[in-house]
Amino acid sequence: MENKTEKPLDFIRQIVADDLKTGKHLKPVTRFPPEPNGFLHIGHAKSICLNFGIGVENNANCHMRFDDTNPSKEEQAYVDSILTDVKWLGFGWGDNLFYASDYFDQLYDYAIQLINQGDAYVCDLTPDQIREYRGTLTDPGKESPNRNRSVGENLDLFERMKNGEFEEGACCLRAKIDMNSPNLNMRDPVIYRILKAHHHRTGDKWCIYPMYDYTHCISDSIEGITHSLCTLEFEDHRPLYDWVLDTLKTPCHPRQIEFARLNLTYTVMSKRKLLQLVKENYVEGWDDPRMLTISGLRRRGYTPASIRDFCAEIGIGKRESWIDMGVLENCVRNDLNPIAPRMMCVLDPVKVIIDNYPEDKVEEVTAKNHPQDPEQGTRTLPFSREIYIEREDFMEDPPKKFFRLGPGREVRLRYGYYITCDSYIKDEATGQITEIHCTYDPESKGGSSPDGRKVKGTIHWVSAKHATPMTVKLYDRLFSSENPDADKEVDFKEHLNPNSILILENCMGEPALADLEPGKQVQFERQGYFCPDSVESTKDKLVYNRIVTLRDSWEKVKDNE
RNA sequence: UGGGGAGUGGCCAAGUGGUUAAGGCACCGGGUUUUGAUCCCGGCAUCCGUAGGUUCGACCCCUACCUCCCCAGCCA
């Protein structure tokens, strides 16, 4: 988890390094502050890797903190999933697990202080009026008629707000800053509102809840955070972050630094939209393997390392950028290639009968578990007269560059024998090939022959009688548009890819595939990386997920034919 | 037409006054190969949003302009 090669520091790590060098800080303290109102996704992974990454790189702490100030949207279930996901990604927070709700009492006291200093007031304007009074991007705001209430009256009103004497929306506490500020966030922002909702941690103790801008900076300060990292849209909030801490004269004043959030092609990243896909059943849940949530990626078969590599690869900056989905895919391939054991599985089987092979004979052939890594050993595979091969590995009238099976052509069965196609049977009604007849060369066991003749093509196969039947789910990108959000006139769901999942019910795998543990990643040779689905796969009905395909240069050649 | 940000190859991204302008992905060639995988080798910006200026010298400094993103929740 450390820098392998000398990758240049991103601008944030540079700032942290400088602060250490100048002695401004002995150790950085960062934090990952999700709101528990949804599941974590690949975009959060970027923030997690940044914040926790700075922690491990400096042998320092990164706090886990839930920003739970809006009980109407938050749930314990989300807290649990978030904790699970961060751990799974490979990070830890030790004893530093916090909740903004832990600070509600302190936050309340600070609000009293603000009132006493004349820096906050209770405002009776309705939400609509507040919006009106706020002005616009180009016009200044108007001061609330309650702006100059006495400290005593404010204290009394705020106390009564806390005691539940007012209805939601009847009034709120506002910071007294500047209604003429060109930054709308500084036009007397609301810092406390009345919310008669049950909070997942504090229950019904409170009916007023602090707002993000007021809570976040104080929470950071309480925890002694040195660098408070957030996304670009909070840039305009930084003056408010600083105002609160300066006005309250808190002993510690963290530096907020903003970076660009992650955008990935062919997907959507907002929690709101992901929630919608889940709620309206466009996907099977937050952990649907097509979802770019951490739980979806985990179920799909992505490794934590591949996601960390991805986050390191894309870097941290301030430009709004769109990362190609291919970069993520490349990261899993790179991670899995050296470690995933090789197996054979025929996804779309067609039967091959080897006419010159004895009826009841079964022999064993030896296969390498990894072609480049002898340490992974070998295994034996049963071979017999009837086998399955991939339907697309046979063509009735193949072009020259098709290095597979066709009438009169010879191919190598991986780790098996050379076979030559003599004839085939076709169902005239459907046009489907139902059976292929071949003869094998008994001298070629293992995949090479004494005469040293060249056989260009090697295909995978599985002994029919010994095969493990299974279901394989092939996934493709969830959306068929690079940016489903691009057109404001068109709902993003219009761009859902109708072929994002293809379920193959009749796949035939080699025997060992019957007892792989759920989630265990393997490579199906010539196909891609797969793993047994951790929720659906059972001994009786095996279900495998395709994590990612192998690179396929044949695909390009084929298109040029 | 207010304020805050950003502009380096198809996509990311280093670079912070003197470099042949890193690296990854993608793409294009070639080699090895019992996975058309992996691996290896080679190619891929005379140019850094545009136009001026400063300088012996600028992607890096200055000026103007252009384009894109964010902000008017009692959401975070």
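Every chain is numbered from 1, with letters handed out A, B, ... down the list of sequences.
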Close N or O pairs between protein and nucleotides 22-25 of chain B (under 3.5 Å):
residue : atom : partner  : partner atom : Å
B:G24   : O2'  : A:Glu313 : OE2          : 3.2

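Nucleic acid contact for A:Ser448: base, since at least one base atom lies under 4.0 Å from a heavy atom of the residue. Nucleic acid contact class of A:Gln372 (heavy atoms, under 4.0 Å, all strands): base. Residue-level contact check: A:Gln523 touches the bases, meaning some heavy atom is under 4.0 Å from a base atom. The residue A:Leu550 sits close to a base: some heavy atom pair falls under 4.0 Å.
Considering only residues two or more places apart in sequence or on other chains, A:Glu258 meets the salt bridge (Lys or Arg N to Asp or Glu O under 4.0 Å) condition with A:Arg238, A:Lys318. In this structure A:Phe39 satisfies the ring-ring contact (aromatic ring centres under 6.0 Å, His included) test together with A:Tyr78, A:Trp286, sequence neighbours excluded. Under the ring-ring contact (aromatic ring centres under 6.0 Å, His included) criterion, A:Phe32 pairs with no residue at all, not counting sequence neighbours. Considering only residues two or more places apart in sequence or on other chains, A:Asp324 meets the salt bridge (Lys or Arg N to Asp or Glu O under 4.0 Å) condition with none of them. Listed by chain and residue number, A:Pro71 satisfy the side chain to side chain contact (heavy atoms under 4.5 Å, CB included) test with A:Ala197 (two or more places apart in sequence, or in another chain). In this structure A:Tyr214 satisfies the ring-ring contact (aromatic ring centres under 6.0 Å, His included) test together with A:Tyr192, sequence neighbours excluded. For A:Phe524, the ring-ring contact (aromatic ring centres under 6.0 Å, His included) partners at least two apart in sequence or on another chain are A:Phe530, A:Tyr544. Remark: A:Arg526 pairs with A:Asp393 by the salt bridge (Lys or Arg N to Asp or Glu O under 4.0 Å) rule, at least two apart or across chains.
Base-pairing analysis of RNA chain B finds the following stems of at least three consecutive Watson-Crick or G-U pairs, with both pairing distances under 3.5 Å: B:2-7 with B:66-71, B:10-12 with B:23-25, B:27-31 with B:39-43, B:49-53 with B:61-65.
On the C1' atoms, B:G7 is 14 Å away from B:C60, given to the nearest whole Å. Spacing of P atoms, B:G5 relative to B:U46, comes out at 32 Å, to the nearest Å. Nucleotides B:A6 and B:U32 have their C1' atoms positioned 46 Å apart, rounded to a whole Å. Nucleotides B:U19 and B:G2 have their C1' atoms positioned 43 Å apart, rounded to a whole Å.
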What does the B/S/- profile of nucleotides 71-76 of chain B look like, 5' to 3', with a 4.0 Å heavy-atom cutoff to protein? BBSBSB
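Between A:Arg319 and the phosphate of B:U8, there is a side-chain N or O to OP1/OP2 separation shorter than 4.0 Å. Residue A:Arg333 has no polar side-chain atom (N or O) positioned under 4.0 Å from OP1 or OP2 of B:A37. Proximity of A:Ser553 to the phosphate of B:A37: a side-chain N or O atom is located under 4.0 Å from OP1 or OP2.
With a glycosidic angle further than 90° from 0, B:G30 counts as anti.
At a threshold of 4.0 Å, the pair A:Asp220-A:Arg65 counts as salt-bridged, since one of the basic side-chain nitrogens sits closer than that to a carboxylate oxygen.
Checking side-chain atoms of A:Asn180 against main-chain N and O of A:Pro140 turns up no donor-acceptor pair under 3.5 Å.
What separates NZ of A:Lys318 from P of B:G4 is a distance of 13 Å, to the nearest Å. In this structure, A:Trp243 atom CH2 and B:G4 atom P are separated by 20 Å, rounded to whole Å.
Taking the nucleotide of RNA chain B with the nearest heavy atom to each of A:Arg404 and A:Ile323, the more 5' of the two is matched to A:Ile323.
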Give the table of side-chain donor-acceptor pairs shorter than 3.5 Å for residues 161-171 of chain A, with sequence neighbours excluded, one pair per line with atom names and distance.
residue  : atom : partner  : partner atom : Å
A:Asn163 : ND2  : A:Glu159 : O            : 3.4
A:Glu165 : OE1  : A:Arg160 : NE           : 2.7
A:Glu168 : OE2  : A:Lys196 : N            : 2.7

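Side-chain to base pairing of A:Arg342 with B:U38: no donor and acceptor N or O lie closer than 3.5 Å to each other. Judged by distance alone, with hydrogens and angles left aside, A:Gln527 brings no side-chain donor or acceptor close enough to the base of B:U35 to form a pair under 3.5 Å.
Candidate nucleotides B:A37, B:C28, B:A13 were compared by shortest atom distance to the side chain of A:Pro371, and B:A37 ranks first.
Cation-pi geometry between A:Lys273 and A:Phe492 is met: under 6.0 angstrom from the ring centre, within 45 degrees of the axis.
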